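Read through the structure below, which is laid out as structure tokens, and then see the notes.
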Amino acid sequence: MMSATAFDSATSLDDRRVIIRRDGSGVEMVELPWGLQPRESGERPFTVVRAEGRTFPTFRCLIPASEFRHRSQGKHYRFMLADGDWFYFAGIWRPATRDWPEAYAILTVEANDDIAPYHDRQMVVLRREERMAWLDLTRPEPDLLRALPKGTFRVERHLEVHRQAAFAL
């Protein structure tokens, strides 16, 4: 049984996450690092890719999540589906090259009305019933790579608990 976890946009690029992708006629779950190879050596990897004006005919993947977290104006927020369900981010993955490991990135679109007060872009959220349409591209990409309607997300402040290091005696 698969479980979805929170996705923090400030996570380390070394953090590996399960993605779901096509493997011949089946699907597979693999753990990959977040961030595609940058164009120039020494640049930051591409963790997100704008979906507008592009097509993604191959190497599509899904990233399961129960919520996503984002920092805005010095505060941390949690974004969850209002109905409490978990979801997938629409993503792409790339095979390993001589200089870069196999990795993935998440597609973004303009933020919907729920997210716009916190950020101008958002990762593409697919409901569970849309997962195979993205993997198999059985629906037009613009129908899938879009912001969900207002009221789709519940937003909460995320208060991080900081633990003090224990003093050695």
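The shown structure was predicted, so the numbers you read here are calculated from the model rather than taken from an experiment.
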Considering only heavy atoms from C-beta outward, does the side chain of [X] approach that of [Y] to under 4.5 Å?
X: W134; Y: V124; answer: no
X: T5; Y: E67; answer: no
X: L135; Y: L62; answer: yes
X: R127; Y: D83; answer: yes
X: I63; Y: F68; answer: no
X: V125; Y: F89; answer: yes

Residues [X] and [Y] bridged, charged N to O under 4.0 Å:
X: R146; Y: E52; value: no
X: R154; Y: E156; value: yes
X: D114; Y: K150; value: no
X: E102; Y: R94; value: no

Taking atom [atom1] of [X] and atom [atom2] of [Y], what is their separation to the nearest 0.5 Å?
X: C61; Y: E28; atom1: SG; atom2: CD; answer: 11.0 Å
X: F59; Y: I92; atom1: CZ; atom2: CD1; answer: 10.0 Å
X: R78; Y: S66; atom1: CZ; atom2: OG; answer: 8.0 Å
X: F79; Y: M123; atom1: CZ; atom2: CE; answer: 9.0 Å
X: Q122; Y: I106; atom1: CD; atom2: CD1; answer: 12.0 Å
X: L144; Y: R60; atom1: CG; atom2: CZ; answer: 9.5 Å

Distance-only, no hydrogens or angles: does the R121 side chain make a donor-acceptor pair with backbone N or O of T108 under 3.5 Å?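 Flag set: sc R121 to bb T108 pair under 3.5 Å.
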According to a hydrophobic-cluster definition based on side-chain heavy atoms being under 4.5 Å apart (Ile, Leu, Val, Met, Phe, Trp, Tyr only), do W86 and M80 belong together?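 No, no single cluster joins them.
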Identify whether V27 and L126 are in the same connected component of the hydrophobic contact network (ILVMFWY, side-chain heavy atoms under 4.5 Å).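 Yes.
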Is the F153-F87 ring centre distance short of 6.0 angstrom?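 No; F87 has its ring centre 6.0 Å or more from that of F153.
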If I compare all heavy atoms of Y77 with all of R157, which pair ends up nearest, and what's the gap?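 In this case the closest contact between Y77 and R157 is CE2-CD, 3.7 Å.
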Can you see which heavy atom on A147 is nearest to which on N112, and at what distance?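 Scanning both residues completely, I find the closest heavy atoms to be CB-CB, 3.7 Å.
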Run the side-chain donor-acceptor check on residues 31-51: report pairs under 3.5 Å with partners two or more places apart or on a different chain.
from : atom 1 : to  : atom 2 : distance (Å)
W34  : NE1    : T47 : O      : 2.8
Q37  : OE1    : T97 : OG1    : 3.4

Partner residues of D136 under the salt bridge (Lys or Arg N to Asp or Glu O under 4.0 Å) criterion, sequence neighbours left out: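 Listed in chain order: R22.
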